[in-house]
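What's counted below: heavy atoms across the whole structure, side chains too, no hydrogens, waters or symmetry copies. Labels below follow one simple rule: chain letters A, B, ... track the order of the sequence lines, proteins then strands, and each chain is numbered from 1.
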Amino acid sequence: MKIFLYILSIIFLINGVNAREPVLSKVLNDDINITASFDGAKIIVYGAIDPKLYNDSIVIITILGPRLKLKVSQKKKYFGIWLVNANNAHFINAPGYYAIASSNSNFNNVDSPFLRENQIGWKNLKINMHNSIDLKNNKDFYRNILKIFYKNRNLLVIEKSSIDILDGTLFRADFDLPGITPTGKYKVNTFLVNKEGELLSSWNNEVKVTKGGMGAYLYDYSKNHSFLYGLFAALGAILLGFTASEVFRRI
Amino acid sequence: MEIYLPIAGLPINVFILMFLGLVVGFLSGMFGVGGGFLMTPMLILMGIPPAVAVASEANHILAASVSGFLAHMRRADVDFLMGFILLLGGVLGSIIGVFLLKYLLSIGQEKLFISLSYILILIFVGFWMLAESVSSIKKKNKGKRNKLHEHIWLHGLPFKIKFRKSHLYISVLPPMFIGLLVGILSSIMGIGGGFILVPAMIYILGMPTQVVIGTSLLQIVFVTTVSTIMHSYINQTVDVVLSSLLLIGAVVGAQMGTRAMVLLRGEQIRFLLAIIILIVASVLIGGILVTPDEAFIIETYKDAQ
């Protein structure tokens with residue numbers, strides 16, 4: 001069924017490319033549900049470009065996760081012990097996930113006003129900080145910490161070249177979301193730019209990542225009915241303990 | 001097989017959790033302690049946020065200690081009056097502990113505070129038990145006999161009452177104070193407090209050993225009930241999926257441990273427990289001395305309202 005849809009959409013895309021837009025794309029799974037068995041997911045983006053533009057263009061796909069407020073605390077060594085520094089830096093709109101892939105391995109060296117203005121690429125992404133501490137010299141430092149943190153958790157995916165273009169028109173790119181990926185809306189943007197990094201065409205998609213099933217219910221319940229949640233947790237534990245003791249008395 | 005923990009917000013292997021439950025359950029059945037002091041650091045090492053580890057562990061201990069308490073109640077070795085006095089302090093202490101944790105969370109020092117309290121208490125209790133068990137093994141070999149209990153100045157404080165089950169006539173202040181202290185530690189550190197309560201009741205209050213474990217379990221049941229509810233209400237950090245998975249292994253382990261216990265003498269058990277406590281302490285000391293992979297912590301935050 002999925003393959004059938006896939007083929008159908010490609011036909012639609014190719015027609016679309018010829019008729020209207022030089023680039024079109026679609027996300028195969030735009031509704032990702034975090035259920036009990038969730039261990040990460042794949043966002044699969046496929047699309048087509050106008051074959052006439054194949055030789056002089058680069059396809060770029062970016063995925064921008066929901067914006068989060070993040071607090072960064074440094075660990076420092078005092079008296080030989082690693083302590084957490086009480087001075088925190090605050091990012092007010094850090095992306096919860098960021099991925100970029102392109103069809104050209106030279107893309108990393110491309111710089112253009114368009115890329116900068118549209119915040120394409122990790123280095124062009126605007127992430128603002130709360131001015132609670134002196135950040136004049138530290139902004140790059142904290143941003144680098146953020147980068148290391150994201151990379152270690154696969155929340156930041158920067159691939160030099162990972163989009164293959166078939167027959168000069170069809171492309172597909174896979175992005176891995178780790179298990180700890182935040183819930184919210186993920187913006188999937190596909191850009192077609194020339195070798196100088198100027199826009200030829202673009203297309204936007206959106207992926208929703210939501211908690212689902214029992215886990216979502218428990219999470220919401222713990223937030224909205226905290227006291228009752230605690231009461232039920234305690235009662236449940238007492239019942240489990242009682243059951244266990246009864247069961248083992250009989251063995 | 002991975003399962004997504006809804007409150008902790010990360011996937012974790014089910015079998016590792018159940019195995020951890022089994023091992024800690026075995027130790028708790030063998031030594032008569034809740035095992036929280038082993039479990040909480042392990043959960044934190046596995047990447048579960050400390051505040052979630054502590055609160056969920058309180059819920060796990062509640063279930064484990066209910067089953068232990070019922071077994072002791074059937075054998076009638078519970079001093080309910082002493083349990084009630086300990087509780088007066090304990091419930092107050094656990095409420096204080098939850099608010100203290102909330103404060104520590106707000107200044108971002110909860111990780112350090114939790115690991116430092118662990119290290120200090122584990123070292124103290126570990127060495128004490130080690131010294132005590134070694135000396136009683138030596139005494140046993142010489143064939144001397146201990147007195148039923150010794151009176152110390154604490155017992156002479158005002159508000160004395162009679163504890164028939166424990167054969168004691170002492171002031172209510174020391175048990176209340178012990179209860180308070182254990183209650184605070186219990187909600188901050190995610191432990192039942194058995195490994196502090198049991199030695200305190202034997203050595204400070206002078207209670208007979210056979211009554212101690214059942215009575216300490218009574219206290220633990222009530223204190224962890226309060227801290228489960230309070231942690232859920234104030235901090236929203238109890239992950240019931242996590243605590244139930246731990247429990248599945250723990251109930252089986254506890255029964256195996258109880259059966260293994262019969263093979264050892266009392267002071268040998270205390271000696272082994274002391275060694276385990278000191279090993280956990282040294283792992284934790286390593287944790288704050290060794291240079292971390294990431295010299296920073298990044299967490300989401302909410303704006304102050």
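Residues A:L155 and A:P182 approach most closely at CD2-CD, 4.3 Å, considering heavy atoms. Across all non-hydrogen atoms, the minimal contact from B:V98 to B:M230 is CG2-CB, 3.6 Å.
A donor and an acceptor atom, one from each side chain of A:S226 and B:Q236, are located under 3.5 Å apart. A side-chain donor-acceptor contact under 3.5 Å links A:S25 and A:N205.
In this structure, no portion of B:T237 lies under 4.5 Å from any heavy atom of chain A. For chain B, the nearby part of A:K77 is the side chain; its heavy atoms alone come within less than 4.5 Å. For A:L146, the parts lying near chain B are the backbone and the side chain together; criterion is any non-hydrogen pair under 4.5 Å. Using a 4.5 Å cut-off between heavy atoms, A:L239 makes no contact with chain B at all. With a threshold of 4.5 angstrom between heavy atoms, A:Y217 does not approach chain B through any atom at all. Using a 4.5 Å cut-off between heavy atoms, A:T35 touches chain B through its backbone atoms (N, CA, C, O) alone. B:D239 touches chain A through its backbone: at least one of N, CA, C or O sits under 4.5 Å from a heavy atom, while the side chain does not. Interface remark: A:L68 contributes side-chain atoms only to the contact with chain B (heavy atom separation under 4.5 Å).
Contact count versus chain B (heavy atoms, under 4.5 Å) is highest, among A:A234, A:G96, A:A244, A:G215, for A:A234. For the set A:T183, A:I92, A:I145, A:I148, the count of heavy-atom pairs under 4.5 angstrom toward chain B peaks at A:I145. For the set B:N59, B:L10, B:I285, B:L247, the count of heavy-atom pairs under 4.5 angstrom toward chain A peaks at B:N59. Contact count versus chain A (heavy atoms, under 4.5 Å) is highest, among B:V226, B:V238, B:T225, for B:V238.
Ring geometry for A:Y221 versus A:F232: interplanar angle of 30 to 60°, hence tilted. Ring geometry, A:Y186 versus A:Y97: the interplanar angle falls from 30° to 60°, so the pair is classed tilted.
Of the listed residues (B:L43, B:I7, B:I3), just one forms a side-chain contact (heavy atoms from CB on, under 4.5 Å) with B:L242, and that residue is B:L43.
Judged by distance alone, with hydrogens and angles left aside, the side-chain atoms of B:S65 form a donor-acceptor pair with the main-chain N or O of B:L62 at under 3.5 Å.
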